[in-house]
Structure formats: C-alpha cells, structure tokens
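To keep things clear, I will list the structure first and then write my remarks on it.
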Amino acid sequence: GQNIDQPTEMTATEGAIVQINCTYQTSGFNGLFWYQQHAGEAPTFLSYNVLDGLEEKGRFSSFLSRSKGYSYLLLKELQMKDSASYLCAVRTHFGNEKLTFGTGTRLTIIP
Amino acid sequence: DAGVIQSPRHEVTEMGQEVTLRCKPISGHDYLFWYRQTMMRGLELLIYFNNNVPIDDSGMPEDRFSAKMPNASFSTLKIQPSEPRDSAVYFCASRLPQGSGNTIYFGEGSWLTVV
C-alpha cells in the first residue's frame, strides 16, 4: 500500500519560519505536491517537485529528496492567514493522474 | 474565470435515499477527479476521468457509488442507497491536459450528511 506521513499539528509564531515534513513510502514516484487548505474550504495548489532539490515560490519553498522519500514545505515570514492545513500528495505512476494524499498538517500561527 | 462548480454545496439526507452530486469542470480541462474527505481518512481519490472516459475507479468504495461524465462539461457522482458512513465532503477537481501543467483545481466541495 501507499504510506504518506506528516505531523498532525504544528504551531509557529507570526513572522517566523516553519518547516513541515512529509515522508512517503509508495509503490512508485512521479511527483510530489503540496496543497494548502483553510478550514471549510477547498485545497489550493502550492508547489510541485519531481526532481531532487528546492523549488522556491515567494514565501513558500518545497524540497524533495527522492532517495530518502522525503519532502518539506518551508514557510517564511509567517502571517496569520497561513493558519491552515497543509497536505502532501504523491503521484505514483507516470500516466496515472491519481494523487495519494497524506492526512495533512494543521498549522496554527500565533501572534 | 469560473472555477470548478459543484452542487449542491450542502445536503442532508436520510439513510437509504439516493444522493446525486454534480460538477462542472473548468473549461478546457480534460481531467476530472472526484475526491472524498473525512477526518479519519483524509482526502481520497474515488475516480478520475480523462476526456470523459473513466480511467481509474479503484477508489470507489462499493457498488453503491457510481460516477458518470456524459460530456466535457458535466459529471455526476451518485450514491444509492446512502448510508451514514458516506457523510463526508466530496470534492470535484479538474486539470489541464498532459504537458500543460500539473495543477489540480478543486471545487468548493459538497458537504454531505446522511442521517
């Protein structure tokens, strides 16, 4: 089966930096996605990694190590609006668009 | 631009009743996905279509669930008969063709409660 692990909850301070980790053990690998989901809303796309390394997009960066089955999402200059759940998802096979999601990390930003 | 449109947004129904959820994908998107989200199991793919054809329905829980996509702009997910354990948020999502980007765009979801 597919296994994707993330911490259930994290708390961080406004203005600080937080790193949300994701480890995966899947039957194949063809890309890793990060989504943000505010309570009661739809998930929205944040980032995509398919090769090892760091992808930076404004305050958000995502890192991938395929050999370690590991990714992290780095959020800088945290704002109160960053309080949300962050979902890690893996696409396991080229040509199959199925994404397997982790259960998500609920991030709370405190003043 | 209109996003993925789902209806109804909220539905409360009695056990045993038929439930039909509807989705209109973003124009030009040829992939359509139905996901279900619960606290216990998170976000799970039920089925996805490409060019109106079902490609992977391995996530469909059982015969009570069925999905159709009669044309490029409309899809339905039907539960018959519904059971309390079907209570969840059902998301429809769509994306552009292969080679045009990897982003999946989600609708606002249909919140289903079966009592």
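Protein chains get the first letters and strands the later ones, always in sequence-line order, with residue 1 at the start of each. Keep in mind that what you see is a predicted model, and the values were worked out from it rather than measured.
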Check: Mind checking whether F101(A) and F106(B) have parallel, tilted or perpendicular rings, split at 30° and 60°?
Finding: perpendicular
Item checked: Option in M40(B), E44(B), R95(B) with maximal non-hydrogen atom pairs under 4.5 Å from chain A -> R95(B)
Next item on the list: Let me know if L87(A) has heavy atoms under 4.5 Å from chain B in its side chain, its backbone, both or neither.
Entry: side chain
Check: Closest heavy-atom contact between S75(B) and W34(B)?
Finding: OG-NE1, 3.0 Å
Checklist line | chain A contact via I55(B) - side chain, backbone, both or neither, heavy atoms under 4.5 Å | finding: neither
Margin query: Looking only at the side chains, is there a donor atom on one of T103(A) and Q6(A) sitting less than 3.5 Å from an acceptor on the other?
Written below: no
Margin query: Taking side chain as everything from C-beta outward and backbone as N, CA, C, O, which of these in Y105(B) sits under 4.5 Å from a heavy atom of chain A? Side chain, backbone, both or neither.
Written below: neither
Next item on the list: Look only at the side chain of R22(B) and the backbone of S7(B), and say whether a donor-acceptor pair between them is shorter than 3.5 Å.
Entry: no
Next item on the list: Please work out which of the three classes, parallel, tilted or perpendicular, describes the rings of F33(A) and F45(A), given edges at 30° and 60°.
Entry: perpendicular
Next item on the list: Can you tell which part of I104(B) gets under 4.5 Å to a heavy atom of chain A, answering side chain, backbone, both or neither?
Entry: both
